[in-house]
Amino acid sequence: MATKKTVKKVVTPDDSRETFVSLQKSFADSGLSVNEKLKVLYQLQAADNEIDKLVQLRGELPAEVTVLENEIAALRAKIVRLNENIASEEAAIEVNKGKMAEHEADILKYQAQIDKIANSREYDSISKELENENLLLRIADKFITEARDRIVESRKQIGEIEERVSIREDDLAAKNEELASIVSSTAEEEKKYTEKREALAAKLDARTMSAYERIKASTHNHLAVVPVYREEACGGCFNTITPQRLVDIASGNKLVICEHCGRIIVGSDI
Ligand SMILES: [Zn+2]
């Protein structure tokens with residue numbers, strides 16, 4: 001740990017990147033004695049450990065619930081998109097039905113004309129129009145047939161997706177129920193420790209709390225305050241503690257920070 005840098009942090013009271021090292025000089029400047037402050041910190045850590053244990057009982061359930069909720073939302077969005085496609089296909093079918101009616105009327109008109117025609121030039125011209133109208137009629141008819149096929153396909157997809165949604169919803173309900181039963185079985189205990197934690201946190205100044213939360217959040221085992229391990233090592237990182245520091249820890253009146261991991265080390269009497 002860069003001591004020069006962290007010592008500099010002491011003169012910056014609003015530093016949100018607080019560590020125990022940056023607090024070292026001001027640690028004693030509070031209503032509580034160093035010994036009392038260490039005790040409060042250790043009890044706070046103990047309460048947080050209990051809360052962590054209770055939260056761990058929920059295991060992967062909260063994450064699994066989130067995955068299912070996201071999956072269901074994505075499937076529902078897909079159904080919405082497919083229904084929008086169906087609506088636009090249906091509108092296009094109506095347009096083409098209108099076109100077909102116009103072409104059919106034109107065909108009838110040209111057919112009536114062609115029956116009364118005397119010269120062949122006029123006949124050629126009208127029969128070309130007839131041919132054209134018949135072609136356009138077939139194009140509109142083909143479009144309608146294909147659009148109907150696409151609608152059938154979309155409806156089939158919607159049916160399949162709805163089935164998947166219903167299965168996922170059953171999964172989700174089961175997981176939510178399981179989670180709720182775990183949460184309710186531990187709710188009282190969790191409330192007890194949470195209240196304890198809040199009462200302890202209220203005794204500490206903002207900078208100490210900020211350092212505590214930061215170190216706790218940055219370590220894999222969520223420990224910021226640890227006891228001495230086997231009378232010689234840091235209970236957080238298990239590196240050996242120097243004899244002088246062991247004496248300081250045993251005194252209970254000094255803030256001792258592990259030089260390897262930055263955690264506060266407290267004695268067994270704390
Ligand atoms: Zn350590």
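Order of listing sets the numbers, starting from 1, for every ligand and every atom in it.
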- Task: Please name all residues satisfying side chain to side chain contact (heavy atoms under 4.5 Å, CB included) with S127, sequence neighbours left out, ordered by chain then number.
- Result: I114, Y123

- Query: How many N, O or S atoms of the protein are nearer than 2.8 Å to the Zn ion (ligand 1)?
  - Reply: 4

- Item | Joint cluster assignment, V183 & L68, ILVMFWY side-chain distance < 4.5 Å | yes

- Item | Test ring pair (Phe, Tyr, Trp, His ring centres under 6.0 Å) applied to F238 - qualifying residues, sequence neighbours left out | Y229

- Item | Single-linkage hydrophobic cluster, 4.5 Å side-chain cutoff, V55 and L61 together | yes

- Item | Residues in side chain to side chain contact (heavy atoms under 4.5 Å, CB included) contact with E160, at least two apart in sequence or another chain | K156

- Should D205 and K37 count as side-chain neighbours, where that means a heavy-atom distance under 4.5 Å? yes

